[in-house]
Every structure is written in structure tokens, then in C-alpha cells.
Amino acid sequence: MQINKLNRTLGVIGGGQLGKMIGLAAANLGISCHFFDPDKNAPAKNISQSFYNYHYDNEKKLLEFAKKCDFLTYEFENIPLSTLKKIIKYKKIYPGIKPLQVSQDRFVEKSFIKGLGIKVAEFSKINCIEDVRNLLNNNYIKGIIKTRKLGYDGKGQIRVDLKNLNNINLNIKPDNFILEKLIPFVKEISVIAVRKKNGEIKTFEPTQNIHKKGILRETSYPANISNKCSTKAKNIAKKITKELKVIGLLAVEMFVLKGEDIMVNEIAPRPHNSGHWTKDACNISQFDALVRSIFDMPIPQITYIKSCKMINLLGDNFYFYKKYLKKKNCRVYIYGKTEIRDARKMGHINVIT
Ligand code: ADP
Ligand code: MG
């Protein structure tokens, strides 16, 4: 019997909380993870088979890392594409290069989704503050300036209207930012889809998200939307997943408008904060689903408990975890970050019913 054949390894580029939770799910399936992260205190470090503490543009080290693993995945979007394109000659990188290329740049992302006939907020490239003024004057009225690249958790975004525009201190260089029309949405939801190597796609049920200052605070399952809206949301997620030939996960953030019309806000080809509830409310979590799709294992029909709410522990709110530890219906997850910063994601709670 060749036991060694069963030893399988996954290389995860990025060792944040998402990487850590991928690693834990992988471990339960007998797969060990190597991590690559420039932060020497990355949360996944203490569960890693080996930990590569180098910058993402260190091609030599990334290649050495890749060669140790059977497959690779990434847990965040901002890895240089040029580096990954070199590595992919040697090792498969899931969910793929295309989903990363599209989701790395908001202009490319929104153009791609719009090109599929799916609604997105009106958006436009801007090269100077006068461009913003013109768009606001013409039809946007209120908008959000967003960096095209490297934005997350509401970072790199400024809300603008004609009144506050003069006070905005922003160095707009050509091709750095887009302006998006402010959408008076009724709800925010997200859907996480998983696509296997044979093209089969499943989705988790939509969840409802509450963001404040651009950061996710709470996610609730089930979302308070009609069955029709839910089906529409899942079909949108499936369509984008298919078109990007994702193998693994695609999270799709959406706005629900009056009359339950749907607009896509953004996509992420990785596990998503709004999917952490699946760890305790489903027969398989988003992390299990990712590992299974990469290693071509079966993904059963997804089943659910009645309801679940995920609460993020941000910044100093971290200390509330002690309160939740005492509650019988709460599952507490602490990421193990060594430094608390304002609004930093430190952990989350799943409240189950
Ligand atoms: P990030 O990559 O930082 O998550 P998002 O584009 O998802 O950036 O924006 C963060 C949040 O800001 C959204 O979840 C939503 O609450 C709000 N937001 C973003 N774009 C718009 C918009 N066009 N209209 C209204 N609210 C928006
Ligand atoms: Mg977002």
C-alpha cells in the first residue's frame, strides 16, 4: 500500500484569516498547506506545514514554494499577475488567472460584468477632479470615487457630491480611479458559487450583508428576499463563475434595489467574509468547498440549519469575544493577529439558531 500517494499539499498565496481557514478545512481532508505571506505574523503561520515569509514579487521564492505543492490557490487578489503567469507554467493556480486579472481592477471588473448583460452601477474612468464634477453635474448627482486597484474594506473610496467636491483632497492621476454612481440600494446580499473541474456549479444560498463605512459588520442567513430574487442572484453568480472558468470559489456582492432588481457590486475569486457563516450553518463550508473543488472531490448538495448570523470583531471590538465565549449558541473564531488596528478584522462570531 502506498500511503505516500495520499499525502497531498496545497500552496496558499496569502496567509491571512482566509488562508488560515482554508488550511484548517484542508487539514480535515488530509491535505497539508504551505503558506506564502510577506507578514511574518500572518495568521496562517502557526498552522502551516512551511511558511514562506517573502514579498509577492519575489519570483524566485514563489517558484521554489510552488514546486513544493501539488496545487496553488490565493486568498487575496493583489498578487502581481506577472509573477503568477510565470508560476503557472509549473503549477496549476486555482481559481485561475483570469478571475484574478478581472477582479484586480475595478474598471476591468465592472466592464466585464456589464459585458455579460448584468447590471452594475454606472461607472466611468476619471483623470482629474473636473471629470468628477462633470459626471456629477450631468447625471450621477452623488457618487463614490474608488481606486481601481488595491482597495478593500472601503479603503481607497471617497463619497462625493457637488457640495463636498471642493474640499476633497485627492491626487487623481490618470487611470488610478473610477467614479461610480451612488446607488440607493435597499439591501446588500452576496452569493458564493463553487465550480468544479468538470464545470459543475453549485451556490450557497444568498446572505444579507450590513456594511458600515465600507466594512462588513454582519451577515445573516437567510437573506430577507423573495425566492424569485434569490434564484436571480444565484443565477447571476453562476453566470459570472462560468464565464470566468473559475475552478474554486467566486463570491459575488450585489445590491438589491427597489422592486428586487439586482446590480452586481464586485466579485472576489476566493473565500469571502460574507461566507464565514457556512462554517456552522451548512454541511460543508465555503472553505471545504474550495479545497474539494481544487482536489476534485465530490461536493454534495448543500444543506442548512434554520438561520445564522455572522458578526465581525473589528478593531477594539475584538475584546467582546469573551462575552460571546459564554453563550451556548455562539461559535467564536479568533484569527490570531498580533496587532489590533482600527477596524481591522480580528475575528468573527457565528450565532446559530
Ligand atoms: P470594497 O472592495 O472595499 O469592499 P466595495 O465596492 O464593495 O469596496 O464598497 C464597499 C461598500 O460601500 C459596499 O458594500 C457598499 O455598502 C458601499 N458601496 C460601494 N459602492 C457603492 C455604490 N455605487 N452605491 C452605494 N453604495 C456603495
Ligand atoms: Mg466589497
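When a ligand or atom number is given, it counts from 1 through the structure's own listing order. Note that the numbering runs from 1 along the sequence shown for the chain.
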### Query
For ligand 1, does Lys181 get within less than 4.0 Å through its side chain, its backbone, both, or neither, judged by non-hydrogen atoms?
backbone
### Message
Under the criterion side-chain hydrogen bond (donor to acceptor under 3.5 Å, both in side chains), I'd like the reasoning laid out for Asn227 against Ser230: C-alpha separation, chi angles, the key distance, then a yes or no.
### Response
CA-CA 5 Å; Asn227 285 341; Ser230 167; 5.7 Å; no
## Note on the structure
So the atoms of ligand 1 within less than 4.0 Å of a heavy atom of Leu182 turn out to be 24 (N), 25 (C)
### Message
To check your reading of the model: name the closest protein heavy atom to atom 26 (N) of ligand 1, its residue, and the distance in Å.
### Response
Phe185 CE2, 3.4 Å
### Over 12 non-hydrogen atoms of neighbours within 6.0 angstrom of NZ in Lys196
yes
### Summary
heavy-atom search around atom 3 (O) of ligand 1 in the protein gives Gly154 N, 2.6 Å
### Message
If you count every heavy atom of other residues, nucleotides or ligands that lies below 6.0 Å from Lys119 atom NZ, does the total exceed 12?
### Response
no
#### Entry: Minimum heavy-atom distance Ile215-Asp153, with the two atoms named
CG1-O, 3.3 Å
### Message
When you compare the side chains of Asn41 and Glu339, does any donor N or O come within less than 3.5 Å of an acceptor on the partner?
### Response
no
### Query
Got the closest protein heavy atom to atom 14 (O) of ligand 1, with its distance?
Glu188 OE1, 2.6 Å
### Task
Starting from atom 10 (C) of ligand 1, find the nearest protein heavy-atom neighbour and note its residue, name and distance.
Gly214 O, 3.7 Å
### Task
Ignoring hydrogens and angles, tell me if any N or O in the side chain of Gln286 forms a donor-acceptor pair with the backbone of Pro271 under 3.5 Å.
no
### Message
Assess the residue pair Lys181 and Asn139 against the criterion (side-chain hydrogen bond (donor to acceptor under 3.5 Å, both in side chains)); give the C-alpha distance rounded to whole Å, side-chain angles, the decisive distance to 0.1 Å, and a yes or no.
### Response
CA-CA 9 Å; Lys181 189 169 178 170; Asn139 129 50; 3.0 Å; yes
### Options Ile183, Ile210, Ile267, ranked by nearest heavy atom to atom 25 (C) of ligand 1, top entry
Ile183
### Query
What N, O or S atom of Glu266 is found closest to the Mg ion (ligand 2)?
OE2
### Query
Which part of Asn265 is near ligand 1, with near meaning a heavy atom under 4.0 Å away: side chain, backbone, both or neither?
side chain
### Task
Could you find the nearest protein heavy atom to atom 8 (O) of ligand 1 and give me its residue, atom name and distance?
Gln157 NE2, 2.8 Å
### Message
Only heavy atoms of Glu253, strictly under 4.0 Å: list the atoms of ligand 1 that pass.
### Response
7 (O)
### Query
Run the side-chain hydrogen bond (donor to acceptor under 3.5 Å, both in side chains) check on Thr9 and Gln49 step by step: do they pass?
CA-CA 9 Å; Thr9 54; Gln49 181 89 351; over 6 Å; no
### Query
Which of the N/O/S atoms in Glu253 sits closest to the Mg ion (ligand 2)?
OE1
### Query
Considering only protein heavy atoms, which is closest to atom 27 (C) of ligand 1, and at what distance to one decimal place?
Ile144 CD1, 3.5 Å
### Message
To check your reading of the model: name the closest protein heavy atom to atom 17 (C) of ligand 1, its residue, and the distance in Å.
### Response
Arg159 NH2, 3.9 Å
### Message
Going by the closest heavy atom to atom 19 (C) of ligand 1, which one wins out of His272, Glu180, Lys146?
### Response
Lys146
### Query
Is it the case that one hydrophobic cluster holds both Tyr56 and Leu63, taking links as side-chain heavy atoms less than 4.5 Å apart, direct or via other members?
yes
### Query
Within a radius of less than 6.0 Å around NZ of Lys114, do more than 12 heavy atoms belonging to other residues, nucleotides or ligands occur?
no
### Task
Note the single closest protein heavy atom to atom 4 (O) of ligand 1, along with its residue, its atom name and the distance in Å.
Glu266 OE2, 2.9 Å
